[in-house]
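Worksheet: the structure to be examined is printed underneath.
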Amino acid sequence: DTNFFTGTIPSEYGKLNKLLFFGVHDNLMHGSLPSQFFPKMTTLEVILIHNNYFTGSFENNSLPLSMEYLYLYNNLFTGSLELAVSSDNVLMTGMNLRNNLFSSSLPSFLGDFQQLFAVDISDNRFTGTVPMGVSCIMELRTLVLASNYFVGDLSQTFNHTGSLLSTFDASDNGFTGPLPTDLFASTMLQVFVAAKNCFNTEITDHLCNTTSLITLDLSGLTGGRPCANTFEILGMYINRVREVSGTLPSCLFTMPNLQNLYVSGNAIQGPLSDIKNDSSLVTLSLTNNRLTGTIPLTIQTSSTLENLELSFNSLNGIIDDHFNASINSGVSDNSDSYALALDGNRLSGDIPTLLRSAISIDILNGNMFTCQGDATNLPSNDPNHNRYVCGSETLDEYMLYFFIAVFIMIMIGISAYYLSTKQQMLGALLDMLRLAKKYFLWKDISGDTTGHELLDQMAYALAAFRIYIIFI
């Protein structure tokens, strides 16, 4: 293992019927596995062929009854799992199929592996619902279903207490219905991730029933691919997020062991709650919601927070002078975000001195902080440092444009009114001139030509009057 071996697996290896461990992982091997390769290895307990370029189906390779660990992750396997394992294998402890191209539904006999400790089938193309039997694997500690095409109601699958799961990840699928809150009755649950699905739910205080939770990720509960409401504007595709009803339960901010809380992209309304002085929170990410009010002082001055992301809400107020120094010098745990992100709100006032040298910060855009003309009191590492308009100058500029537009509209209206009035005056004069012309033509027929001079004088006067009223 961990070399640069290439080529395929020789079929002759299948004759090693006393082999306990087969490992060719972390190489450059490719091709499909020989037919009926592993069943001949009747004593085989461990298969480690991950991190290669193996292809083809795994269907024709039923596993030995002695199999305990099956690691196929980071390959290019396709097809179904229906024939890949046998329900008679009761010793299976670990199964990692992550990052392949498996495209079937999960076989129901997975629930028969009561010794399974960890299952990771993320980043595949699995479809359908999660078999009820999976929730009955009593020894299961880790279940990762992320980035597949699963559907269904997880609250119906995991509808009982007594689970020993410590890590549950169902993100980036099409699960519907409410969250499986029965899992939170466990004293073992440490990581729960349900981001990017199609849940039709509100976030309730049932999630606070467990005291062991360390990471909770509920970002984009209604933003999964199957339920995405995408529309096009000017060539850009915009995903409209369905609202998650209700507000954030205040108990989430006081859970004793919670270190990472992600609830971004849910259009949740309401104010932020205070956190405890002895809070364990390290990361708080609530971007792209509709939160209102001020940022609680307990959050701003927390000694444990290292990542605070509250961008694109409707928060107002000021940043306290004693803002958390841990965030000031921190770097985000996500290269695509900032350790301190408050942009897109309605914050104002002075920026604390401690934040001016912050390493990973994005707070200027969309807010109305005051600053000096030379911008020396702005955070130097903020991406909008060089183009930020201080204080209310942006608002003043927009108001100036507004008043100019209103003034122009008023002048256009006045001009249109007078122009209409002048047109009426000109029309009346023209009518008079036509009548006069008819009269003098009649007089001309009768032999009286004295009216021609008067007609010419009236025409000259009318032309002069037209020029005058056009320029006033």
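What you see is a predicted model, and the numbers here were worked out from it, not measured in a lab. Values below: every heavy atom of this structure, side chains too, minus hydrogens, waters and symmetry copies.
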Donor-acceptor under 3.5 Å ([X] side chain, [Y] main chain):
{"X": "D169", "Y": "V144", "result": "no"}
{"X": "N100", "Y": "L76", "result": "yes"}
{"X": "N3", "Y": "N27", "result": "no"}
{"X": "E202", "Y": "T247", "result": "no"}
{"X": "S171", "Y": "A146", "result": "no"}
{"X": "D205", "Y": "L207", "result": "no"}
{"X": "N288", "Y": "F312", "result": "no"}
{"X": "T210", "Y": "S186", "result": "yes"}
{"X": "T254", "Y": "C251", "result": "yes"}
{"X": "S360", "Y": "A339", "result": "yes"}

Residues that [X] engages under salt bridge (charged side-chain N to carboxylate O under 4.0 Å, His left out), provided they are two or more places apart:
{"X": "D123", "answer": "none"}
{"X": "R98", "answer": "D120"}
{"X": "R225", "answer": "D172"}

[X] versus [Y]: any side-chain heavy-atom pair under 4.5 Å?
{"X": "L364", "Y": "F369", "value": "yes"}
{"X": "F199", "Y": "T176", "value": "no"}
{"X": "L286", "Y": "I268", "value": "no"}
{"X": "R125", "Y": "Y149", "value": "yes"}
{"X": "I214", "Y": "L258", "value": "no"}
{"X": "V151", "Y": "F175", "value": "no"}
{"X": "F253", "Y": "L248", "value": "yes"}
{"X": "P249", "Y": "I203", "value": "yes"}

For [X] and [Y], work out which heavy atoms get closest and say how close.
{"X": "L308", "Y": "L305", "answer": "CD1-CD1, 4.4 Å"}
{"X": "E139", "Y": "Q114", "answer": "CG-O, 3.3 Å"}
{"X": "P131", "Y": "L106", "answer": "CG-O, 3.6 Å"}

How many angstroms lie between [atom1] in [X] and [atom2] in [Y], if you round to the nearest 0.5 Å?
{"X": "I47", "Y": "E68", "atom1": "CD1", "atom2": "CD", "answer": "11.5 Å"}
{"X": "S108", "Y": "L110", "atom1": "OG", "atom2": "CG", "answer": "8.0 Å"}
{"X": "L272", "Y": "L310", "atom1": "CG", "atom2": "CG", "answer": "6.0 Å"}
{"X": "C227", "Y": "N197", "atom1": "SG", "atom2": "CG", "answer": "7.5 Å"}
{"X": "N148", "Y": "S103", "atom1": "CG", "atom2": "OG", "answer": "10.5 Å"}
{"X": "N173", "Y": "S147", "atom1": "CG", "atom2": "OG", "answer": "7.0 Å"}

Checklist entry - Which pairs pass side chain to side chain donor-acceptor pair (under 3.5 Å) with one or both residues in residues 268-277, sequence neighbours excluded? => result D274-T298

Next on the checklist: Checking T287 now: which residues fulfil side chain to side chain donor-acceptor pair (under 3.5 Å) with it, not counting sequence neighbours?
Outcome noted: S264

For [X], check side chain to side chain contact (heavy atoms under 4.5 Å, CB included) against everything at least two apart and list the hits.
{"X": "F54", "answer": "I9, V24, M29, L33, I49, N52, N75, F77"}
{"X": "T294", "answer": "N316"}
{"X": "Q156", "answer": "D153"}
{"X": "F117", "answer": "T93, R141"}

Next on the checklist: Applying side-chain hydrogen bond (donor to acceptor under 3.5 Å, both in side chains) to N74 and N51, what does each step give before you reach the verdict?
Outcome noted: CA-CA 5 Å; N74 292 339; N51 292 332; 2.6 Å; yes

Item to check | Other residues, nucleotides, ligands: >12 heavy atoms within 6.0 Å of I318 CD1 | outcome: no

Item to check | Stepwise side chain to side chain contact (heavy atoms under 4.5 Å, CB included) check, I121 with L143 | outcome: CA-CA 8 Å; I121 57 173; L143 178 60; 5.9 Å; no

Next on the checklist: Could you tell me if H50 and Y73 have a donor-acceptor pair between their side chains, going purely by distance under 3.5 Å?
Outcome noted: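 Y73 vs H50: donor-acceptor pair found between side chains.
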
Next on the checklist: Could you tell me if N289 and N313 have a donor-acceptor pair between their side chains, going purely by distance under 3.5 Å?
Outcome noted: no

Next on the checklist: Could you walk me through whether D320 and L297 satisfy the side chain to side chain contact (heavy atoms under 4.5 Å, CB included) test, starting with their C-alpha distance in whole Å, then the side-chain angles of each, then the deciding distance to 0.1 Å, before giving a yes or no?
Outcome noted: CA-CA 7 Å; D320 190 79; L297 191 60; 3.5 Å; yes

Checklist entry - By ring-ring contact (aromatic ring centres under 6.0 Å, His included), which residues pair with F184, not counting sequence neighbours? => result F192

Next on the checklist: If you apply the rule side chain to side chain contact (heavy atoms under 4.5 Å, CB included), what do you find for L347 with L342, and how did you get there?
Outcome noted: CA-CA 8 Å; L347 301 173; L342 305 177; 3.9 Å; yes

Item to check | Partner residues of C136 under the disulfide (SG to SG under 2.5 Å) criterion, sequence neighbours left out | outcome: none

Next on the checklist: Show every salt bridge (charged side-chain N to carboxylate O under 4.0 Å, His left out) that has at least one partner inside residues 338-357, sequence neighbours left out.
Outcome noted: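 Applying salt bridge (charged side-chain N to carboxylate O under 4.0 Å, His left out) to every pair that reaches into residues 338-357, excluding sequence neighbours, yields nothing.
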
Checklist entry - When you look at L183 and S163, which way does the side chain to side chain contact (heavy atoms under 4.5 Å, CB included) test go after all the steps? => result CA-CA 7 Å; L183 288 177; S163 169; 4.1 Å; yes

